[in-house]
Amino acid sequence: MRIKFWGVRGSTPTPEQRNARYGGNTPCIEVRLANNTLLVLDCGSGMRPLGKSLLREFGDRPISGYVFLTHFHWDHIQGIPFFLPLYRKGNTFLFHSVKRKGSELQATIEGQMTNPYFPVDMEAMGSTRHFLNLEERPININGAIIRSAPLNHPQGCVAYRIEADGAVFVLATDTEPGSREHDLSVREIARDADLLVYDSQYTPEQLRRDKKGWGHSCWQEGVRIARECGVKALALFHHDPDGDDIFLDSLVEGARSEFSNAFGSQEGLELELPMPSQGGSAKDIPARNEHRYVLEVPIKVRWVDKKGKQIITEGKARNVSHSGVYFVVHEDVCSDGPVDLDIVLPDEITHKGDMAFRFLAEPIRKLDAPQTEGAGTLSMGIAARILKAHDNKPAEPVRKGAKPAKRPRAVRAK
Ligand SMILES: [Zn+2]
Ligand SMILES: [Zn+2]
């Protein structure tokens, strides 16, 4: 079973530079079974890039998918009008929700596209769509057993558990601890999950005070559930719109200090379940316990295009950690495979000429970088996972002795 996060943000999309690493799209998770059955959990704005990716993958072949909605708040349905595969004849989608008659589910989904909210109504979509009300008993879709459990959220919400291919995946988002019935139900559905994706929008202080009753949770409760229920890995999810990357790093660090197999859900992140390292060390989990260094230094990106030609573009690395790097470049990096990155520490820092550190990295997410912040023509932001460091030896100067330009000398105080 393969999981891909297309949207991880709660409440509202936040397309902002400060959120670039974790991502600003609202909830949407793709689950692909080993037999290639497509399941989609929630239809937030992350559903739009998912649709484009499916069109690229399937080409002219028909797409069929099984969509599961946790509930109907905007952030969980707003991607539907922008999900291009819905407009294409020959595609088939089966929408599921819990405790809502099929016709009621259809009306709820179509309601957001009626006049005057959207210029095209759902009738204009060429695909075939079915709407199903799930009872509380489990269903079987091409070998996957899927069940739901009620969560504590205004107007209701459900968690989903998918058991397939020898793994268990659980999504429990939009839920607030403190209701005995729901606290039990979330624990029951999370039992022995290989991966629990859990609502971690708030801090315990917020939950005690101004956000009480808003229907969300915190990582501390996620860790309690994970420990009590034998969960193997925990992904913090439904990130607060006000939580920038640095703040989310701190939440993830906190969670990892108490549960080593915890990480932050990140747009573009893909995982195979069961994870190879489960039960052992957390080192294969895309974790963020490592320190992330915020800096701005030159970077060169090299890759080979489809015609076999080597392309190089330049830009700036914005921050770096052991496993990842975020950088902005002049042009899109159109590589199907990994790319080589030279992160250059300039002479101004090394006093030994420019030094390049070379890595093999896999771009996992791209976004348009705003032209503000002095970015100039650096228009494309890319988050990449570092696959390995090339033989960097002790860093070799690439331009020994060049410059140093005239710099004001420090004057020693007397
Ligand atoms: Zn939500
Ligand atoms: Zn909600």
Side-chain angles (χ1 to χ4, degrees), residues 3 5-16 19 22-31 40-50 67-83 95-100 104-105 108-109 111-112 117 134 148-161 169-179 181-183 185-186 189-190 196-203 206-207 210-219 221-222 225 234-244 247-248 251 264-267 269:
I3 310 294
F5 293 93
W6 290 95
V8 298
R9 187 70 49 177
S11 308
T12 181
T14 54
E16 296 160 40
N19 298 328
Y22 286 91
N25 277 311
T26 51
C28 180
I29 299 176
E30 174 188 2
V31 177
V40 179
L41 302 183
D42 270 342
C43 305
S45 64
M47 198 184 202
R48 192 183 78 94
L50 165 62
V67 181
F68 291 82
L69 288 157
T70 60
H71 64 312
F72 301 93
H73 289 160
W74 285 120
D75 51 327
H76 300 259
I77 61 166
Q78 65 198 164
I80 292 173
F82 304 97
F83 184 63
F95 287 85
H96 303 76
S97 75
V98 175
K99 280 197 183 154
R100 205 164 274 252
E104 204 185 333
L105 168 61
T108 309
I109 289 177
Q112 70 167 328
Y117 303 114
L134 286 180
S148 66
L151 297 174
N152 183 27
H153 194 64
Q155 298 161 310
C157 183
V158 293
Y160 287 110
R161 174 184 177 102
F169 171 69
V170 177
L171 170 65
T173 189
D174 295 63
T175 182
E176 182 167 338
S179 140
E181 172 204 342
H182 297 98
D183 288 352
S185 110
V186 72
I189 202 153
L196 167 65
V197 175
Y198 187 74
D199 184 332
S200 309
Q201 179 159 357
Y202 295 138
T203 62
Q206 286 177 307
L207 284 180
D210 49 326
K211 304 297 186 188
K212 190 174 168 62
W214 289 44
H216 296 287
S217 191
C218 58
W219 67 257
E221 178 69 2
I225 296 168
L234 170 70
L236 313 191
F237 188 70
H238 207 274
H239 305 310
D240 190 77
D242 287 330
D244 65 12
F247 179 72
L248 293 183
L251 298 187
S265 304
Q266 198 188 358
E267 236 174 77
L269 180 66

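As a basis for the values below, the full set of heavy atoms in this structure was taken, side chains included, without hydrogen atoms, waters or symmetry mates. One-based numbering, in listed order, for ligands and for the atoms of each. This structure is a prediction, so every number in the text was calculated from the model and none was measured.
In the model, Ser217 has no side-chain atom that pairs as donor or acceptor with a side-chain atom of Asp199 under 3.5 Å.
A donor-acceptor pair under 3.5 Å is absent between the side-chain atoms of His153 and the main chain of Thr173, judged by distance alone.
Ring geometry for Phe237 against Phe5 counts as tilted: the plane angle lies between 30° and 60°, on a 0 to 90° scale.
Of all the N, O or S atoms in His153, the one closest to the Zn ion (ligand 2) is NE2.
No more than 12 heavy atoms of other residues, nucleotides or ligands sit less than 6.0 Å from atom CZ of Arg48.
Protein N/O/S atoms nearer than 2.8 Å to the Zn ion (ligand 1) total 4.
When the options Lys211, His216, Gln206, Gln201 are evaluated for a side chain to side chain donor-acceptor pair (under 3.5 Å) with Asp240, the one that passes is Gln201.
Within the 4.5 Å cutoff, the side chain of Phe72 has heavy atoms near those of the Ser97 side chain.
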